Asker: 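This is the structure, below, for whatever I ask next.
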Amino acid sequence: MPARPKITVVGAGNVGASVAQYAVEKNLGDVVLVDVVEGIPQGKALDLAQAGPIHGYDARLVGSNGYDETADSDIVVITAGLARKPGMTRDDLLFKNAEIVGSVVDQVVARSRNAILILVTNPLDAMVQLAWKKSGFPPQRVVGMAGILDSARFRTFIAWELGVSVENVHAFVLGGHGDTMVPLPRYSTVAGIPITELLPPARIAELVKRTASGGAEIVGLLKSGSAYYAPAASTVEMVEAILRDKKKILPCAAYLDGQYGVRGLYVGVPVKLGRAGVEQVIEITLTPEEQAAFDRSAAAVRELVTTLKL
Ligand code: TXD
């Protein structure tokens with residue numbers, strides 16, 4: 001029997017712990033949880049292991065404050081950092097989280113030279129760019145989670161609006177993870193029918209607006225933290241697509257080398273995710289307005305990356 005895949009999750013907070021939970025519930029592999037806070041990763045790992053007999057998983061779960069246990073990971077999910085507080089933008093987090101993510105990447109890559117890194121920490125697009133630079137990994141093996149979450153939010157709102165199953169709804173969101181994200185109604189469908197055929201433009205605009213501020217809506221409700229169930233589920237969809245070599249087309253923050261007119265920058269686009277990581281960036285034709293919105297979003301990401309001198 002080959003060994004189970006090894007998934008490291010750095011940051012055992014709200015998102016990290018839920019990633020660990022969903023990953024073992026889906027039998028994706030063994031999980032190492034790492035955090036700076038003493039006892040938290042160990043306690044959560046032990047607690048999750050004890051849910052195994054009930055859920056029927058045999059995954060090994062280990063918690064640690066160090067990185068030795070992470071050696072030879074297949075996938076490393078990085079959620080370490082600070083989450084947004086009410087009134088804070090994702091960009092306020094920039095410098096603090098850059099410091100945290102930079103040190104985490106150093107520790108991780110020293111022990112897992114062949115891993116695929118999935119970044120979750122905000123501001124997402126800039127953190128992926130930083131992780132890619134720091135790791136020295138090819139861009140195929142460094143990818144960020146955001147578009148799946150943004151499109152899951154859009155899908156939820158569309159399904160509610162039309163009273164149909166969420167399974168029938170596919171949505172398309174491009175661009176950076178932030179206020180400039182670009183939901184594409186033309187490519188968002190219900191059982192294959194574009195929503196532009198099903199809903200009036202004004203109503204679509206409202207759903208788009210709620211999607212773009214979907215994270216802030218939850219921060220406003222929770223007050224003491226930001227969303228984590230849907231972010232973790234989105235991350236685990238990426239982990240599964242990679243480990244099971246599904247070649248799944250998913251919107252992720254990926255390195256662009258000329259696609260969509262952008263070079264040398266991580267931005268959210270549809271990609272094919274498989275065992276090699278980002279196996280292809282899928283390019284679709286945009287209208288001039290969509291391209292302009294995408295350009296604005298990429299410019300906002302570029303600004304952060306320049307601020308960080310990456
Ligand atoms: O779409 C997306 N990409 C996102 C991003 C969706 C949701 C959350 N998003 C961002 O993920 C959020 O803005 C944060 O930057 C991260 C993690 O969010 P989470 O809600 O999990 O935050 P927590 O609960 O505060 O957990 C962060 C953990 C916490 O336990 C800290 O002790 C730990 O990170 N931490 C560290 N771990 C390891 N190493 C270092 N240096 C470190 N510093 C803090």
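Everything numeric in this text was worked out from a predicted model, so none of it was measured. Counting convention: from 1, in listed order, for ligands and their atoms alike. Atom set for the values below is all heavy atoms of this structure, side chains included, hydrogens, waters and symmetry mates excluded.
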Asker: Counting heavy atoms not belonging to Glu206, are there more than 12 under 6.0 Å from its CD?
Answerer: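 Counting neighbours around CD of Glu206, more than 12 heavy atoms of other residues, nucleotides or ligands fall under 6.0 Å, so yes.
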
Asker: Do the non-hydrogen side-chain atoms of Asn65 and Val34 ever get within less than 4.5 Å of each other?
Answerer: no

Asker: Ligand 1: which protein N/O atoms lie under 3.5 Å from its N/O atoms?
Answerer:
residue, atom, partner, partner atom, Å
ligand 1, 1 (O), His177, NE2, 3.1
ligand 1, 3 (N), Val120, O, 3.0
ligand 1, 3 (N), Met145, O, 2.8
ligand 1, 13 (O), Asn122, ND2, 3.2
ligand 1, 15 (O), Leu82, O, 2.9
ligand 1, 15 (O), Asn122, N, 3.2
ligand 1, 21 (O), Asn14, N, 3.3
ligand 1, 21 (O), Val15, N, 2.8
ligand 1, 24 (O), Asn14, N, 2.8
ligand 1, 30 (O), Asp35, OD2, 2.6
ligand 1, 32 (O), Asp35, OD1, 2.7
ligand 1, 32 (O), Asp35, OD2, 3.4
ligand 1, 34 (O), Gly81, N, 3.3

Asker: Can you confirm if the aromatic rings of Tyr255 and Trp132 lie within a centre distance of less than 6.0 Å?
Answerer: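 Distance test on ring centres: under 6.0 Å, yes.
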
Asker: Is it true that, when you exclude Glu38 itself, more than 12 heavy atoms of the residues, nucleotides or ligands shown sit nearer than 6.0 Å to its CD?
Answerer: no

Asker: Please give me the minimum heavy-atom distance between Asp125 and Tyr266, naming the atom from each residue.
Answerer: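 Nearest heavy atoms, Asp125 then Tyr266: CB-O, 3.8 Å.
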
Asker: Taking C-beta and beyond as the side chain, do Arg296 and Val182 meet within less than 4.5 Å on heavy atoms?
Answerer: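 With C-beta onward as the side chain, the pair stays apart.
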
